[in-house]
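I have placed the structure first, in the form of structure tokens, so that the comments after it can refer back to it.
Source: prediction; values computed, not measured.
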Amino acid sequence: MNVKPKVLIVDDRVKNIIVLEEMLADLDIELMRASSGQEAIDKASKHEFAIVLMDVRMPGMDGFETVEIIRKDPLNELLPIIYITAFYNEDYYRVKGIKTGAVDFITKPIIPDILIGKVSVFMKLYKQRKNLEEEIVWRAQIEKDLKKAKDLAEDATRAKQKFLSTMSHEIRTPLNAIINTVNLLKEEEPREDQTESLDILKFSADNLLQIVNDILDYSKIGAGKIEFEKVEFEMRKLLTGVRQSFNFEAKRRKLEMEFNMDKSIPPVVVGDSIRLTQILINLVGNAVKFTEKGSITIEAKPVKRHNSQIDIEFRIIDTGIGIPKDKITFIFESFTQASSSTTRKYGGTGLGLAITQKLVELQGGELKVESEVGKGSIFSFSLPFLVSDKPFVEEDAMQKSSFHSLKGLRVLVVEDNLVNQKIVSKYLSKWEAMIEIAENGRIAVEMVKKNRYDLVLMDLHMPEMSGYEATLKIRTLKEKYYKDLPIIALTASVFLEDREKIFEFGMTGFITKPFNPKELFWTISPFLKKRD
């Protein structure tokens, strides 16, 4: 507080005011005068005073009347007022002073130390109050600024989410066409040279899909949107699957792929198998990428067990190029690799390890690395799992059953992308379903009104009318058929908010693009049974 506190001295005799001013001259305050009650009232309405020293006996309007009028102003309701009087001991003045709200009395003749002491106390209280008021104003401004910043951040997050959702759709939709066209061609018994070309095409498409998924995962981690599942799975099957994923590439590079799982690890554990697979795929993928000769070893062993929980340590050991000690921390930063030459030679976005580290940390683990240039690296982490009593996990219908005919199932495919229309139609035709096509949501609503379908496959992002709007319009139609009609969303979005929105708009379920043909089949096949 830089402004000096103001003190008003009210007395009809100037010489009395001068005496008080001289007594208070050493205090860091601003002194103001009023020679009458009316002048005091006027000045109190225009200035903020820390305290008023009020003479009681004045001609015309005495100190008590003056204070009563000053107090009527809400701003001065709590203004400290000390009466200066020679009649303090008379009952009338004591009662009158208390009624008008005096905080103190100083009797004449005035003792300087008493006056200075009392005024000093009220100056300190005034300064404390002003500091508190400034603090409140400052905090209010900070809260206002924080709210504004929060609103801007939320707007930016929503805009980013919308952008990523749109980009997810725009990139994954053509990828769906590429990947599933390759799958269809591979099912048509191609020549050996064609098979090799298709494998290259599928590998490239899968690689591009992984890059897109990495970027989306990175965004979800940054927004705190990652969720972890608790499902039963067989650890040995999962690790074997990870190893097999890289067998072809390892053989091509003439690398040994070794796999060691401690026998004391329970056959079935409970955790997020998908995220564990993602972590291992990233680490093993890096090991294969950066190893030109030698071997890759995947190890798993228990490090701690307590009641129904077990901590399992995973180690990925390679004989690759290694990492300089001064670069080890650096490799976990987003969009970076150990050096620019690494990026040029081996490629990659630099997101894999950043995402992997976050996925491990979010599950309560720590990703560690030991490395020596030219000799290889060891990436290790441990994660907690719950122990299941089951000796194995039963395969679901999608895994153990073969395709059967969907003859008689009438399906409306709502999709604006011509290539994806053909991809979905080809699969449905192979399964003998009856298919009709709608190019957008508006056409779909009209076709649903005119025909009876067993199922609608609904793309979400379309011109004229989106899948969300079309579903809402169908659900608001009067007949029970429209309320019960199965509508499965075909979505390229991987965001939880979009999936929640799917059910909010009344859809029955969803299939993510690029879709797995088995997933498509086993999502729609139950509706043939319901129809029968």
Side-chain angles (χ1 to χ4, degrees), residues 203-204 206-207 209-211 213-214 217-218 235-262 265 273-301 303 312-361 363 365-383:
F203 177 82
S204 299
D206 287 341
N207 190 44
L209 180 61
Q210 184 57 50
I211 292 171
N213 288 341
D214 279 351
D217 268 346
Y218 181 75
M235 183 64 74
R236 183 168 292 277
K237 270 190 179 179
L238 185 147
L239 295 174
T240 301
V242 170
R243 183 187 63 176
Q244 288 174 344
S245 299
F246 294 96
N247 273 347
F248 175 79
E249 183 65 12
K251 284 180 182 177
R252 190 182 71 80
R253 289 170 170 260
K254 297 180 180 178
L255 301 173
E256 293 291 327
M257 283 286 291
E258 299 179 11
F259 166 51
N260 299 313
M261 176 175 154
D262 194 287
I265 293 177
S273 60
I274 293 174
R275 291 301 178 186
L276 176 58
T277 301
Q278 183 180 358
I279 292 166
L280 292 169
I281 289 283
N282 269 331
L283 294 178
V284 177
N286 274 352
V288 171
K289 183 195 295 186
F290 297 118
T291 303
E292 295 179 350
K293 60 180 180 178
S295 64
I296 313 293
T297 304
I298 305 169
E299 291 184 352
K301 66 177 182 179
V303 290
I312 300 175
E313 182 187 55
F314 302 88
R315 286 159 55 91
I316 313 302
I317 305 165
D318 68 62
T319 58
I321 61 174
I323 307 161
K325 290 195 184 327
D326 61 336
K327 300 291 185 182
I328 284 178
T329 304
F330 187 65
I331 63 171
F332 293 108
E333 294 181 12
S334 307
F335 304 104
T336 60
Q337 292 185 341
S339 70
S340 57
S341 62
T342 304
T343 306
R344 287 195 300 272
K345 185 173 181 180
Y346 297 99
T349 61
L351 279 176
L353 283 178
I355 292 168
T356 300
Q357 184 185 48
K358 287 293 183 186
L359 290 175
V360 170
E361 289 176 350
Q363 296 179 85
E366 179 186 0
L367 182 59
K368 300 176 183 177
V369 58
E370 303 168 40
S371 189
E372 189 174 342
V373 175
K375 293 189 176 180
S377 305
I378 301 173
F379 283 84
S380 63
F381 63 95
S382 45
L383 293 178

### Query
Val360 versus Leu383: any side-chain heavy-atom pair under 4.5 Å?
yes
#### Entry: Separation of Glu313 CD from Lys301 NZ (nearest 0.5 Å)
5.0 Å
### From Ile323 atom CD1 to Ser377 atom OG, the distance as rounded to the nearest 0.5 Å
4.0 Å
### Message
Please evaluate residues Asn286 and Asp318 with respect to the criterion side-chain contact (heavy atoms from CB on, under 4.5 Å), reporting the C-alpha separation (whole Å), side-chain torsions for both, the decisive distance (0.1 Å), and the verdict.
### Response
CA-CA 9 Å; Asn286 274 352; Asp318 68 62; over 6 Å; no
### Query
Taking the side chain as C-beta and beyond, is there a heavy-atom pair between Ile281 and Phe246 under 4.5 Å?
yes
### Message
Does atom CD (Glu256) have a neighbourhood of more than 12 heavy atoms from anything else shown, all under 6.0 Å?
### Response
no
### Task
Show the numbers, then the answer: is there a side-chain contact (heavy atoms from CB on, under 4.5 Å) between Lys293 and Lys254?
CA-CA 7 Å; Lys293 60 180 180 178; Lys254 297 180 180 178; over 6 Å; no
### Task
Would you give the length of the straight line joining atom CD1 of Ile355 to atom CD of Gln357, rounded to the nearest 0.5 angstrom?
11.5 Å
### Query
Could you give the distance from CG (Leu239) to CZ (Phe259), rounded to the nearest 0.5 Å?
4.5 Å
### Query
Quick one: does Leu367's side chain get under 4.5 Å of Leu283's, heavy atoms only?
yes
### Task
Indicate the atoms forming the closest heavy-atom contact of Ala300 with Ile312, along with that distance.
CB-CG2, 4.3 Å
### Task
With the side chain counted from C-beta on, respond yes when Arg315 and Asn260 share a heavy-atom pair under 4.5 Å apart, and no when they do not.
no
### Task
To the nearest 0.5 angstrom, please state how far the OG atom of Ser273 sits from the CG atom of Leu280.
11.0 Å
### Query
Tell me, do Val369 and Phe381 make a side-chain contact under 4.5 Å, heavy atoms counted?
no
### Query
Heavy atoms, side chains only, cut-off 4.5 Å: are Ile316 and Ile298 in contact?
yes
### Query
With a 4.5 Å heavy-atom cut-off, do Lys375 and Thr319 have their side chains touching?
no
### Query
Is the closest side-chain heavy-atom distance between Met261 and Met235 below 4.5 Å?
yes
### Query
Do Phe314 and Leu276 pass the side-chain contact (heavy atoms from CB on, under 4.5 Å) test, and can you show the C-alpha distance, the side-chain angles, and the key distance before you say yes or no?
CA-CA 10 Å; Phe314 302 88; Leu276 176 58; 4.0 Å; yes
## Note on the structure
d(Leu359 CG, Ile279 CD1) to nearest 0.5 Å is 5.0 Å
### Message
Could you walk me through whether Glu258 and Ile296 satisfy the side-chain contact (heavy atoms from CB on, under 4.5 Å) test, starting with their C-alpha distance in whole Å, then the side-chain angles of each, then the deciding distance to 0.1 Å, before giving a yes or no?
### Response
CA-CA 6 Å; Glu258 299 179 11; Ile296 313 293; over 6 Å; no
